[in-house]
Protein chains: 2
Amino acid sequence: MTADQLTVTDAGEDAVLEAITEVIAPFNAQRSGMPLGPGDDAACLSFPAGAAVITTDTMSEGQDFRRQWWLGPEELGGTEFEPVAEWPMDIGTKAAAQNLSDINAMGAEPTALLVSLTLPPQTPVAWVQDFYRGMIRACSAAGAENCVIAGGDLGSGEVISVTITALGAPPEDGKLLRRSSATAGELLAVNGALGYAAAGLEVLELPGAEAVTEAEEQHCEDHAEIIRSCLKAQQQPEPVLTAGPSALAAGATAGMDLSDGLLRDAQRLAEASGVRVRLDDEVLTRRAGRLEPVAELIGPASAAQRAAHWVLSGGEDYGLLATFPESAELPEGFEVIGRIEQGSAEVLTGLETGRRGWDSLAP
Amino acid sequence: MTADQLTVTDAGEDAVLEAITEVIAPFNAQRSGMPLGPGDDAACLSFPAGAAVITTDTMSEGQDFRRQWWLGPEELGGTEFEPVAEWPMDIGTKAAAQNLSDINAMGAEPTALLVSLTLPPQTPVAWVQDFYRGMIRACSAAGAENCVIAGGDLGSGEVISVTITALGAPPEDGKLLRRSSATAGELLAVNGALGYAAAGLEVLELPGAEAVTEAEEQHCEDHAEIIRSCLKAQQQPEPVLTAGPSALAAGATAGMDLSDGLLRDAQRLAEASGVRVRLDDEVLTRRAGRLEPVAELIGPASAAQRAAHWVLSGGEDYGLLATFPESAELPEGFEVIGRIEQGSAEVLTGLETGRRGWDSLAP
């Protein structure tokens, strides 16, 4: 058995921790912010501002991803699409990105990630190292230049489960981007894609097809770019980690990240701020239009409706939803998608909505 | 269906978060340290000292506990022992205590807990509230007076899984209790019980007996106190959260908490410090003696050996292992159990050791 094939059970806890340190130590060494790394009962982080923004999120096999998604083209509805990357790296990237997105959505700068990893006994040690490499990839995005990986905890379980805790430093003036401070008359804007991750999920969940028609193959070829973007959004999300601080700098009054779908998250913002949100149906219909070729791949019958549903209710986009005064100059990457009005806390749209977003406890 | 029976799936994510806030908001309101609580993408904590100690730990059903442990006396090897408390509270207490113990073992003071909770769909909302009440119980211990519960994340899964992240404030002089700074000539001391949690685990794992003999019942009655202490150590651990800071104040040179068994943890301290540890077999034999009646409950044949094995290799005691200069006056609750010597990094004992402690990745 080579070192590459060694399982975590064969290696034991201490050897796996060493294998992890091998990956993260050179990464952390290039960054400051961790006076004391792994090796003791806890790590020690420095917080120059004296305050820390903190969040945590779990990703579990079966519930949040399935390893089949990375198996190969014959599993992807008979399409020609290769898996976008090795899966341990993608799991690491996505678990980190979810949490980094929450820190960014407060207008803060991520400073550290902590990981608790539950692994089936037969998981190769190399898998664990690649998982950490995926976290490093997420921390290499603009805006995360000062983020270290402070180690964590290892345990055994039937399925893979990853809990990441992220810490961040608030802006120098201490002002955070909250959900509760939008007021009537402001613009609602979004940074990043809408519905791409949900579209990618449906492509990944397509049943394997024995026979693919020539027309289907041609469709995939013609729309390769958008299909690939959707798969990437689901498997390797790259939230823009400068969006929160730049929104605050541009005068954003409220904000949050889009993790459970536009309608559901905008509703939360409406409730927290006590305002009504009116969506710009024209802009959203145009956004849905981009996803129609992907929707046709799922089922040609109601493709436009499906694409609109992704845009309105698809989860895991990790874009930043923020409100700005009408006079504000929106930072690069933001597009106005609605307005804040006086009225009861609700989200108005003339588009067909269907089910409203992702509930982490739904069956 | 009454509110008490409502499951997390019936209620949905937002309602469960409200039910959690109902429990933790009054608790947090009595403590400072959290300028911004749940309700946004992340919480915000204040760190007066500008540095934070941080750790994370996962507890999973099947791997770290079994709900059967709380079912009733007929499941506990036919003994007369009622479950020590309602199980959601105990899970909350233990998950919090594990992490608080790590912060304490750095000589730091716990300031905040963050929770990620994975729950089977049929979990009652009341279970979740009791789980948080158990965390509050753990935070009510001396030494944790300034610890808040900063909320967290909710998800669905086949079994219960809890990941807690704990943050702490280093002592004012910034000096932490590390593993790597023990030197030859010093005393090795421990605060808290040795082997009790492992003994409790074996009692809980006794197969249910159809018939219990009179002699067995009498044995349980005669040794009720120690048996109950062992169950409590396993189900409701109460690490002494003042031990770390008081050890540092008394001049402790190195330290760590006992989570994987004395031999295994002392070996880690020996390796980190580059020293040899010689255990005091007489003291440890006396400690094992206290557990012999519990060992007899498991099997009368090799009770003394079993008790010694618990003391040397039993995990989850969450006592503090620390080294002190010979001249130091040991703080209350510490007992000398060995000496630090020059030599290769190993732990010497004349006692029979068997398997060396708990490996979180062992099958």
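Hydrogens, waters and symmetry mates play no part in the numbers below; they use all other heavy atoms, side chains included. Letters go in sequence order (proteins before strands), and every chain restarts at 1.
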Donor-acceptor under 3.5 Å (B:Thr55 side chain, A:Asp41 main chain): yes
Heavy-atom donor-acceptor pair, A:Asp40 side chain to B:Met256 backbone, under 3.5 Å: no
Value rounded to 0.5 Å, distance of CE in B:Met59 from CG in A:Asp153: 12.0 Å
From A:Cys44 atom SG to B:Arg178 atom CZ, the distance as rounded to the nearest 0.5 Å: 9.5 Å
Exceeds 12 heavy-atom contacts within 6.0 angstrom, atom CD of A:Glu158: no
Side chain, backbone, both or neither of A:Leu269 within contact of chain B (heavy atoms, under 4.5 Å): neither
Heavy-atom pairs under 4.5 Å with chain A, option from B:Ile54, B:Thr163, B:Thr58 with the top count: B:Ile54
Option in B:Gly255, B:Ala52, B:Ala166, B:Gly62 with maximal non-hydrogen atom pairs under 4.5 Å from chain A: B:Ala52
Full working for side chain to side chain contact (heavy atoms under 4.5 Å, CB included) between B:Glu13 and A:Asp260: CA-CA 11 Å; B:Glu13 188 179 358; A:Asp260 298 334; 4.0 Å; yes
When only pairs under 4.5 Å are counted, which of [options] shares the most heavy-atom pairs with chain B?
| options | value |
| --- | --- |
| A:Asp57, A:Thr123, A:Val8, A:Thr118 | A:Asp57 |
| A:Val16, A:Leu119, A:Val53, A:Thr56 | A:Thr56 |
| A:Gly168, A:Ala112, A:Gly155 | A:Gly155 |

Pair B:Asp14 + A:Arg264: basic N to acidic O under 4.0 Å: yes
Atom group of B:Leu117 that falls short of 4.5 Å from chain A, counting heavy atoms: neither
